[in-house]
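Structure first, then comments.
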Amino acid sequence: MLRSNPAKKVAFLTLLSASMGLFTANVAAQEQPFELGVTTVSNGDVVSYQGECFKAKNSPGTWETPKSGSWFWEQVTCSNDTVEPPVEPEPPVVEPEPPVTEPEPPTTEIPSDVTPFVLGETRVANGDVVSYQQQCYVAQNNPGVWEAPKAGSWFWEPTSCGSTGEPPLTCTLPEVLIDNQCVIPPVECPDGSSAATAAECPVIPPVTCPDGTTADSIELCPPAKVVCDDGSVVDDIAQCPVAPVTCPDGSTSNSAADCPVTEVPTSMTVTSDGKGGYLIPRAEFVAIEKSLTSGELFDLVRSDTVTLDNASVEAVLPLRAANPDNVKRAESIVDEALWEFLFPIRNPAYTYNRFLQAIAKFPAFCRTYTDGRDSLAICKRSLATMFAHFVQETGAHAPNWEGALGNPEWRQGLYYVREVYKSESDTTGPYNKCTGWAGERWPCANKSYFGRGAKQLSWNYNYGPFSEAMFGDKMVLLEKPELVADTWLNLASAVFFYVYPQPPKPSMLHVIDGTWQPNAADKANGIEHGFGSTIQIINGAFECGKGSTTAQAKARIAYYKEITSYLNLDISGEKLDCADMKAFDTAGAGALEVYWDKDWGWDAKTPGNHSFKCKLVGYQTAYSAWTAGDYELCVEDNFNVQATDANGDIIPK
């Protein structure tokens with residue numbers, strides 16, 4: 001999980017009322033001038049520092065600043081031989097003026113998350129803000145308990161203490177906070193210039209549409225045509241002719257579901273290939289795979305993970321008339337202005353257009369329900385859930401950082417597109433499992449598979465399946481994992497995770513739209529409908545079932561509340577927390593075994609009495625039930641088998 005703060009929280013605090021009596025004396029020549037980080041002394045040595053003198057004790061190092069009250073130094077009166085100039089230059093001598101009495105600092109309550117620094121006691125981490133002698137400092141370079149906060153110190157950076165009198169200013173859409181004022185930001189015009197409103201943008205010539213016609217803007221262009229697999233051109237992919245499929249018995253049909261039913265064999269037909277291996281008819285593989293992956297839950301998930309072809313995805317544009325229905329529904333909830341408002345400091349790679357393309361890739365996301373469920377409400381809740389997790393996974397988490405531009409933490413999501421401290425020049429680990437079954441099925445291609453995108457997709461054995469789902473080819477993203485950061489895949493990877501189950505966990509889509517209904521085993525584990533169960537799905541091992549709300553879960557819940565409130569979504573009665581939730585298990589309603597592994601059973605009718613079969617399991621293997629043909633591949637790899645066609649000829653791999 002990604003955790004990195006580009007800047008620590010700077011809290012408002014009250015100035016401490018304290019005073020210390022300092023000795024005043026001239027500095028003698030025999031006192032050794034002390035230079036921080038350079039001067040080495042022994043116990044008993046007397047040094048001069050900033051116009052004062054100190055005797056060393058308790059073996060101070062070169063970084064222990066001489067100061068009154070220090071455990072390492074005793075302040076002494078300087079001798080009166082010669083005067084050593086102080087470190088800070090004195091102002092020129094002028095006529096004496098009457099002393100100026102500085103006003104007392106205001107006395108207010110110190111915020112609970114601000115730490116007054118007590119020498120020898122207070123321990124801090126880099127970025128923490130402390131108050132010391134009526135000044136405020138930010139820790140840096142890991143100061144110890146004896147490093148007194150001071151201007152010019154290597155360990156401390158002076159900072160403004162601020163005021164606790166007024167709450168931070170929060171603006172409402174479309175205004176944003178700039179220089180502590182709520183203003184309406186200028187709009188970017190099509191020609192690259194900016195103006196106060198879109199109406200004030202310069203008039204530009206008509207654009208040339210993909211079909212060669214012209215229009216005032218790309219949004220007004222005629223819908224792009226779709227080229228079907230047979231070469232025909234239609235307005236929408238749904239109009240493409242259905243390509244026939246070859247059935248196991250050699251016949252053709254419009255789809256695999258329409259093929260003649262093949263009887264599921266109870267025993268495999270296994271013959272020798274004459275070379276130490278075996279032959280099995282492909283029709284038997286297809287029949288067994290179909291029988292083992294049929295059922296209501298399998299069919300539901302399979303329909304939810306159908307994808308739109310990439311040509312149609314890349315044609316999606318904001319407000320385009322030909323956008324898929326699920327994209328239009330998402331646009332009606334989150335338009336481009338709201339996207340800018342919710343993610344104002346996001347990485348530039350996360351564009352609004354790519355957000356729409358990611359949704360277009362998965363038609364089940366924000367789809368139209370025809371069984372009475374509220375499609376708009378489900379879409380809105382899906383977006384709020386995903387956005388809250390975006391903030392936790394890739395947010396800046398820096399509410400008072402200057403780079404946050406005054407935006408609260410719940411609007412700092414999508415700040416990171418690559419894992420912190422990782423770059424595309426990395427070619428090794430730590431997310432490379434290049435040996436064993438993972439390396440054989442999802443081969444590393446001299447790349448590093450660190451976290452990328454809104455979901456921070458990691459490991460080659462996740463990049464490979466995602467690549468197959470997006471391109472039908474595992475090697476596309478294994479060879480170019482950077483596409484998950486630099487293209488619409490940076491957001492599609494998050495939707496991919498949303499619609500696919502994580503056995504024995506259901507998909508987040510099924511939790512949100514009500515397809516998943518907790519059974520007795522789920523309820524016994526404390527798992528119920530609501531945002532809390534999505535935390536269990538995404539990171540339950542670390543954030544759930546701890547008896548009390550973890551810091552990470554608390555943050556996710558806070559973001560979810562803010563986003564749902566802004567979207568006017570009622571979440572009353574929804575179980576938001578997962579503190580009392582145990583993990584999903586195989587007895588739950590969402591349990592679904594989706595990987596193939598060797599069946600170690602036996603068959604009296606086959607050579608060596610081997611089963612020559614694979615079985616569904618709940619742990620990840622190289623063979624997925626979602627990939628047609630993986631059952632055959634599992635049997636072939638585990639039993640030295642080749643598939644044959646209806647004529648008994650070997651089918652090349």
Heavy-atom closest contact ([X] atom, [Y] atom, distance):
X      : Y      : value
Thr39  : Pro33  : OG1-O, 3.6 Å
Pro465 : Asn460 : CD-O, 4.3 Å
Gly403 : Ile345 : O-CG2, 3.7 Å
Lys505 : Gln536 : NZ-O, 3.5 Å
Val484 : Arg452 : CG1-O, 3.8 Å
Ser382 : Ile512 : OG-CG2, 3.6 Å

Applying salt bridge (charged side-chain N to carboxylate O under 4.0 Å, His left out) to Lys447 and Glu424, what does each step give before you reach the verdict? CA-CA 8 Å; Lys447 296 284 186 175; Glu424 298 303 338; 5.7 Å; no
For this output row, return yes or no: ring centroids of [X] and [Y] closer than 6.0 angstrom.
X      : Y      : result
Tyr566 : Phe341 : yes
Trp459 : Tyr449 : no
Phe390 : Tyr559 : no

Do [X] and [Y] have side-chain heavy atoms sitting under 4.5 Å apart?
X      : Y      : answer
Lys554 : Asp577 : no
Tyr137 : Tyr132 : yes
Thr385 : Tyr560 : yes

From CA spacing to verdict: side chain to side chain contact (heavy atoms under 4.5 Å, CB included), Arg381, Phe531: CA-CA 9 Å; Arg381 192 176 298 272; Phe531 183 73; over 6 Å; no
side-chain hydrogen bond (donor to acceptor under 3.5 Å, both in side chains) partners of Asn43, counting only residues at least two apart: none
Would you call the rings of Phe34 and Tyr49 parallel, tilted or perpendicular, taking 30° and 60° as the class edges?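 Perpendicular: the ring planes of Phe34 and Tyr49 meet at over 60°.
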Determine whether more than 12 heavy atoms belonging to other residues, nucleotides or ligands lie under 6.0 Å from atom [atom1] of [X].
X      : atom1 : value
Lys575 : NZ    : yes
Lys433 : NZ    : no
Lys55  : NZ    : no

Does Glu574 come within less than 4.0 Å of Lys561, counting only side-chain N to carboxylate O? no
Check this for me: does any side-chain nitrogen of one of Lys380 and Asp570 sit under 4.0 Å from a carboxylate oxygen of the other? no
Begin with the C-alpha distance, continue with both residues' side-chain angles, and end with the deciding distance and a verdict on salt bridge (charged side-chain N to carboxylate O under 4.0 Å, His left out) for Asp486 and Arg354. CA-CA 10 Å; Asp486 299 332; Arg354 288 174 177 174; over 6 Å; no
With sequence neighbours excluded, residues passing side-chain contact (heavy atoms from CB on, under 4.5 Å) with Pro344: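 side-chain contact (heavy atoms from CB on, under 4.5 Å) check on Pro344 returns Asn407, Arg411.
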Rounding to 0.5 Å, atoms CG (Asp45) and CD (Glu31) come to a distance of 11.5 Å
Tell me, with the steps shown, if Tyr415 and His397 meet side chain to side chain contact (heavy atoms under 4.5 Å, CB included). CA-CA 9 Å; Tyr415 181 78; His397 301 292; over 6 Å; no
